[in-house]
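Taking it in order: structure first as structure tokens, then the write-up.
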Amino acid sequence: MELKTKLNNIVNNYNTTNIKEICDYLDIEIAYTEFKAKTLESRLMIVDGNGYIFVRPNLDERYENFLIAHELGLNFNFLKRIYKTRLEK
């Protein structure tokens, strides 16, 4: 399935385009942290079966939303295996 189709399914499934709401529906926590690496601004991690997206604080809200969507998009196939039942709702 194409990424565009997958995204449309998620948007239609949860009736929102708000990336933070989508993370909430998928039980992916968004946390803010200062990274040691100055060029790192976001990171997706799975810890004990729970998803977390870490984002550098105090970023422009639109850029922050882009980074969150980026983390979800790049790792969608990986997330799909972890969160398969939640994504199929």
Side-chain angles (χ1 to χ4, degrees):
M1 185 183 300
E2 286 183 40
L3 181 59
K4 183 177 180 180
T5 304
K6 290 177 186 178
L7 292 174
N8 284 333
N9 288 343
I10 289 174
V11 167
N12 292 333
N13 221 15
Y14 299 115
N15 199 31
T16 186
T17 58
N18 183 307
I19 195 66
K20 292 176 183 174
E21 287 180 16
I22 291 171
C23 286
D24 188 48
Y25 286 127
L26 296 174
D27 291 327
I28 297 172
E29 185 176 335
I30 299 170
Y32 297 90
T33 188
E34 289 289 344
F35 297 104
K36 290 182 182 179
K38 298 296 179 196
T39 58
L40 186 61
E41 295 181 316
S42 64
R43 167 78 39 113
L44 170 78
M45 295 183 71
I46 306 295
V47 180
D48 296 327
N50 297 311
Y52 301 90
I53 294 179
F54 296 96
V55 180
R56 185 178 297 279
N58 303 318
L59 297 173
D60 177 80
E61 184 178 3
R62 290 174 294 180
Y63 184 57
E64 178 183 320
N65 288 337
F66 166 80
L67 290 173
I68 294 167
H70 173 80
E71 293 300 337
L72 285 177
L74 280 181
N75 299 290
F76 191 80
N77 286 330
F78 177 70
L79 283 171
K80 187 175 172 186
R81 286 185 301 225
I82 301 293
Y83 290 99
K84 186 173 185 199
T85 55
R86 293 178 205 161
L87 290 170
E88 290 177 344
K89 288 181 185 176

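Positions are given from 1 along the sequence.
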With rounding to the nearest 0.5 angstrom, report the CD1 to CD1 distance, I19 to I30. 8.0 Å

V11-Y14 co-clustered via ILVMFWY side chain contacts under 4.5 Å: no

Separation between CG (N13) and CG (N8), nearest 0.5 Å, reads 11.5 Å

Going from OH on Y63 to OG on S42, what distance comes out if it is rounded to the nearest 0.5 angstrom? 7.0 Å

Smallest separation among heavy atoms of I68 and C23, with atom names: CG2-SG, 3.7 Å

Please report the closest heavy-atom contact between V47 and Y52, naming both atoms and the distance. CB-CE1, 3.9 Å

To the nearest 0.5 Å, tell me how far I10 CD1 sits from N15 CG. 14.0 Å

Find the distance between CG (N58) and CD (E34) and round it off to the nearest 0.5 Å. 7.0 Å

Nearest heavy-atom approach of Y25 to T16 is CE1-CG2, 4.0 Å

List the atom of L44, the atom of E71, and the distance in Å for their closest heavy-atom pair. N-OE1, 3.4 Å

How far does CD1 of I53 sit from CZ of R43, to the nearest 0.5 angstrom? 12.0 Å

Which heavy atom in E64 sits nearest to a heavy atom in V55, and how many Å separate them? CG-CG1, 3.9 Å

Heavy atoms of Y32 and R56 approach each other most closely as CD2-O, 4.3 Å

